[in-house]
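Input: a single structure, listed below in structure tokens.
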Amino acid sequence: MTPISVSQGSNPIVLGLPHTGIFVPDDVLAHLNNNGQKLADTDWHIDRLYDGLLPDVTTVKANFHRYVIDANRDPKGGSLYPEQNTTTLVPLTDFDGLDIWKTPPTTAQIAQRCADFHAPYHEALRAELARVRDLHGVVILYDCHSIRSDISYLFDGTLPDFNIGTNLGVTCAAQIEAATAAICTEAQDYSTTINGRFKGGWTTRHYGQPQSGIHAIQMELAQSTYLTDEAAPWTYDQAKADRLRPHLKNIFAILADLAPFLGDTQ
């Protein structure tokens, strides 16, 4: 198993896929409890959902599960959402606040996982962002995520379908946020929020530097938009996906068209 899969394209958009992987090394799996071994907190089938929506796009995908180490968390351990329930660099609980470990990892084990998994993912992502920016003078990182729409431990009520995160507009040009939000808002029978419970993870916040030609936006989709049920066996619902994918495709088309004009925002 290679920790990372990279597909290189020449389009100005790079897709980040940090949470679709389900690989867990045997020595890590042995320390997960029965609840942890369910691997419930996966961005199930998100790579399949986005596949083929944009020609010649670059993708960087983590093949390891977030319980090994979370590629969308600060490697120094800083919290994305201080004073709110969230999960850590190596999660100690699932999204419902329930323990996932028989034996939690030690500080040394976490450091080793950073070196073996987290660092290679971000080395690959940095390299692709630099390569694509060299091609176009600008690059848009679109970070692909999904989550169950009802998780009381993390948020109240039901999550909107489209959750756009730009860290309050810091991580990308205003045109990117506005264009993405317009397509989502106009999508019939879907709900949308901007910088609500999810304002963009560490990846979006770390790489989003519009002044340097790197724009980043996170899309957190409610899994109810494309799964039959938000529970095991986490079945991909083709009919739901077929309704959703045209809106995602429109987002990519608009962002790709915007890219040549983003130099004015630097």
Side-chain angles (χ1 to χ4, degrees), residues 1-6 14-25 27-29 31-32 36 39 41-43 46-47 58-95 99-101 103-133 139 141-147 154 165-168 170-172 197-210 212 214-220:
M1 197 286 304
T2 56
I4 316 301
S5 294
V6 175
V14 172
L15 304 186
L17 298 160
H19 291 154
T20 61
I22 58 171
F23 172 75
V24 180
D27 60 334
V28 176
L29 188 67
H31 292 285
L32 286 168
L39 305 182
D41 301 329
T42 303
D43 291 10
I46 203 75
D47 48 350
T58 296
T59 61
V60 180
K61 175 186 174 183
N63 296 319
F64 53 91
H65 195 265
R66 68 191 305 156
Y67 290 172
V68 179
I69 196 160
D70 193 329
N72 198 34
R73 293 293 183 271
D74 183 350
K76 296 180 181 178
S79 175
L80 288 174
Y81 299 101
E83 301 181 4
Q84 296 185 57
N85 288 338
T86 187
T87 53
T88 51
L89 179 62
V90 172
L92 298 180
T93 70
D94 65 10
F95 287 166
D99 290 339
I100 59 173
W101 296 100
T103 309
T106 65
T107 300
Q109 288 170 331
I110 292 172
Q112 188 62 55
R113 294 184 202 177
C114 266
D116 293 343
F117 298 99
H118 191 286
Y121 176 80
H122 286 283
E123 287 169 5
L125 186 56
R126 277 193 299 271
E128 292 310 307
L129 291 172
R131 182 185 64 82
V132 173
R133 184 178 57 178
V139 60
L141 170 60
Y142 182 102
D143 215 37
C144 309
H145 295 264
S146 72
I147 194 168
L154 296 182
T166 64
N167 198 23
L168 304 178
V170 171
T171 64
C172 66
R197 175 60 180 86
F198 297 98
K199 297 176 174 64
W202 184 78
T203 302
T204 303
R205 302 184 198 193
H206 180 70
Y207 293 104
Q209 301 175 27
S212 299
I214 302 176
H215 301 260
I217 185 168
Q218 176 174 304
M219 179 64 77
E220 188 89 49

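Keep in mind it's a predicted model, so treat the numbers as computed, not measured.
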Return the minimal non-hydrogen interatomic distance between Cys172 and Thr166, and the atom names on each side.
SG-CG2, 3.6 Å
Rounded to the nearest 0.5 Å, what separates atom CZ in Arg133 from atom CD1 in Ile214?
4.0 Å
Looking at NE2 of His19 and CG of Asp143, how far apart are the two atoms once the value is rounded to the nearest 0.5 Å?
8.5 Å
Validation row: Cys144, Asp43 side chains within 4.5 angstrom (heavy atoms):
no
Listed partners of Tyr121 passing ring-ring contact (aromatic ring centres under 6.0 Å, His included), at least two apart
none
Which residues pass the salt bridge (charged side-chain N to carboxylate O under 4.0 Å, His left out) test with Asp47, sequence neighbours left out?
Lys61
Taking side chain to side chain donor-acceptor pair (under 3.5 Å) as the test, write out the residues that go with Gln112, two or more places apart.
Asp116
For the side-chain contact (heavy atoms from CB on, under 4.5 Å) test, which of Val24, Asp41, Val28, Val90 pairs with Tyr67?
Asp41
Kindly compute the distance separating OH (Tyr207) from CG (Leu125), expressed to the nearest 0.5 Å.
4.5 Å
Measure the spacing between CG of Asp99 and CG of Leu32 and express it to the nearest 0.5 Å.
11.5 Å
At their closest point, which heavy atom of Asp74 faces which heavy atom of Lys76, and how far apart are they?
OD1-N, 2.8 Å
Could you go step by step and tell me if Ile46 and His145 meet the side-chain contact (heavy atoms from CB on, under 4.5 Å) rule?
CA-CA 7 Å; Ile46 203 75; His145 295 264; over 6 Å; no
Measuring from Leu29:CG to Phe23:CZ, what's the distance to the nearest 0.5 Å?
9.5 Å
For the side chain of Arg197 and the backbone of Leu154, is there at least one donor-acceptor N/O pair under 3.5 Å apart?
yes
Closest heavy-atom contact between Pro105 and Arg113?
CB-NH2, 3.6 Å
Within the structure provided, determine whether Phe64 and Ile69 are in side-chain contact (heavy-atom separation under 4.5 Å).
yes
Could you tell me whether a side-chain N or O of Gln218 sits under 3.5 Å from a main-chain N or O of Gly201, the two making a donor and an acceptor?
yes
Can you name the residues that form a salt bridge (charged side-chain N to carboxylate O under 4.0 Å, His left out) with Asp70, not counting sequence neighbours?
Arg66, Arg73
Looking only at heavy atoms, which two atoms of Phe117 and Pro25 are closest? And how far apart?
CZ-CG, 3.9 Å
Might you point out which heavy atoms bring Cys114 and Leu89 nearest each other, and give the distance in Å?
SG-CD2, 3.9 Å
Near Ile22 CD1, under 6.0 Å, is it more than 12 heavy atoms from other residues, nucleotides or ligands?
no
Validation row: Lys199, Leu168 side chains within 4.5 angstrom (heavy atoms):
yes
Residues that Arg131 engages under salt bridge (charged side-chain N to carboxylate O under 4.0 Å, His left out), provided they are two or more places apart:
Glu128
Would you confirm whether Asn63, through its side chain, and Thr2, through its main-chain N or O, come within 3.5 Å as a donor-acceptor pair?
yes
Heavy atoms only: give me the nearest Trp101-His31 pair and the separation to one decimal.
CE3-O, 3.4 Å
Residues that Trp202 engages under ring-ring contact (aromatic ring centres under 6.0 Å, His included), provided they are two or more places apart
His118, His122, His206
In Å, rounded to the nearest 0.5 Å, how long is the span from OG1 of Thr87 to CG of Leu92?
9.5 Å
Is a side-chain N or O of Thr171 found less than 3.5 angstrom from the main chain of Ala216, in a donor-acceptor match?
yes
Donor-acceptor contact below 3.5 Å, side chain Asn167 vs main chain Gly200
no
Min side-chain heavy-atom separation Ile4-Val60 under 4.5 Å:
yes
